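Residues take their numbers from the sequence shown, with the count starting at 1. The structure displayed is predicted, hence computed values, not measured ones. As the structure lists them, so they are numbered: ligands from 1, and atoms in each ligand from 1.
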Amino acid sequence: MSTDCIFCKIVAGQIPANKVYEDDLVLAFHDIQPQAPVHVLVIPKKHLASVNDLHVNDSAVLSHIFTAVQQVAQSTGIAESGYRTVANTGKDAGQVVHHLHFHVMGGKSLGHLG
Ligand code: 5GP
Ligand code: ZN
């Protein structure tokens, strides 16, 4: 746990969050400032600052993250209509919270990327 990290505090139960999925390695909760009708964040329970900090040994964390993404998509009703999964890394991507998180957004047409 990083003591000054807001997402570590959510994992520790020190800050409330509207949880939608939890297992031993990951947690998913609604974004406080949703950018789409469904906007959920999926995070590892252990503190990793960003994608840059992922290690080959973190394969279990990553597979749990994408299991959580699937569960969130199912339970929020966007699995079939579609959704976007995004991890911002660093300054140019506008990463604000330096605890790895995957945005899961859907419930409307998001426009095409790429
Ligand atoms: P980033 O720009 O770092 O990829 O996104 C951080 C996200 O975390 C933002 O969408 C922001 O609304 C969300 N966020 C920041 N603080 C909190 C919080 O205390 N609770 C929740 N649920 N979301 C937060
Ligand atoms: Zn953290």
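In this structure, the side chain of Gln35 engages the main chain of Gln33 through a donor-acceptor pair within 3.5 Å. Side-chain N or O atoms of Gln95 include one that pairs as donor or acceptor with a backbone N or O of Val97 at under 3.5 Å. At least one donor-acceptor pair closer than 3.5 Å links the side chain of Lys45 to the backbone N or O of Asp23.
Taking only nitrogen or oxygen atoms, main chain and side chain alike, Val97 reaches within less than 3.5 Å of ligand 1. Residue Ile10 places no N or O, backbone or side chain, under 3.5 Å from any N or O of ligand 1. Of the polar atoms of His30, at least one N or O is found under 3.5 Å from an N or O of ligand 1, judged by distance alone. Among the atoms of Gly94, some N or O lies under 3.5 angstrom from an N or O of ligand 1. Taking only nitrogen or oxygen atoms, main chain and side chain alike, Val96 reaches within less than 3.5 Å of ligand 1. In terms of polar-atom proximity, defined here as any N/O pair under 3.5 Å, Gln95 makes no such contact with ligand 1.
Of all the atoms in ligand 1, the ones that sit under 4.0 Å from a non-hydrogen atom of Phe29 are 21 (C), 22 (N). Close approach of ligand 1 to Gln33 (heavy-atom distance below 4.0 Å) involves ligand atoms 12 (O).
The atom name of the N/O/S atom in His47 closest to the Zn ion (ligand 2) is ND1.
One finds an angle of 100° at the Zn ion (ligand 2) between ND1 on His99 and SG on Cys5, to the nearest 10 degrees.
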Could you walk me through whether Met105 and Val38 satisfy the side-chain contact (heavy atoms from CB on, under 4.5 Å) test, starting with their C-alpha distance in whole Å, then the side-chain angles of each, then the deciding distance to 0.1 Å, before giving a yes or no?
CA-CA 5 Å; Met105 290 170 287; Val38 174; over 6 Å; no
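Counting only heavy atoms from C-beta outward, the side chains of His99 and Ile6 never approach each other to under 4.5 Å.
At a 4.0 Å heavy-atom cut-off, ligand 1 does not touch Phe102 at all. At a 4.0 Å heavy-atom cut-off, ligand 1 touches Asn88 through the side chain alone. Contacts between Ile6 and ligand 1, counted as non-hydrogen atom pairs separated by less than 4.0 Å, involve the side chain only. Only the side chain of His103 comes within contact range of ligand 1, with a heavy atom under 4.0 Å; no backbone atom does. The residue Asn18 has no part lying near ligand 1, judged by heavy-atom distances below 4.0 Å.
Partner Val20 forms a side-chain contact (heavy atoms from CB on, under 4.5 Å) with one of Val104, Leu27, Val72 and no other, that one being Val72. Each of Val69, Leu110, Thr76 was scored for a side-chain contact (heavy atoms from CB on, under 4.5 Å) with Tyr83, with one residue passing: Val69. For the side-chain contact (heavy atoms from CB on, under 4.5 Å) criterion with Asp58, the lone passing option out of Leu100, Leu48, Ile65 is Leu48.
When only non-hydrogen protein atoms are considered, atom 6 (C) of ligand 1 lies nearest to His101 NE2, 3.5 Å. Among all protein heavy atoms, the one lying closest to atom 12 (O) of ligand 1 is Asp31 OD1, 2.5 Å.
By the rule that hydrophobic residues join a cluster once side-chain heavy atoms approach within less than 4.5 Å of another member, Val26 and Leu54 end up as members of one cluster.
The closest heavy-atom contact to atom 18 (C) of ligand 1, among the options Thr89, Val86, Ile32, comes from Ile32.
Scanning both residues, Ala87 and Val51, for their nearest heavy atoms gives CB-CG2, 4.0 Å.
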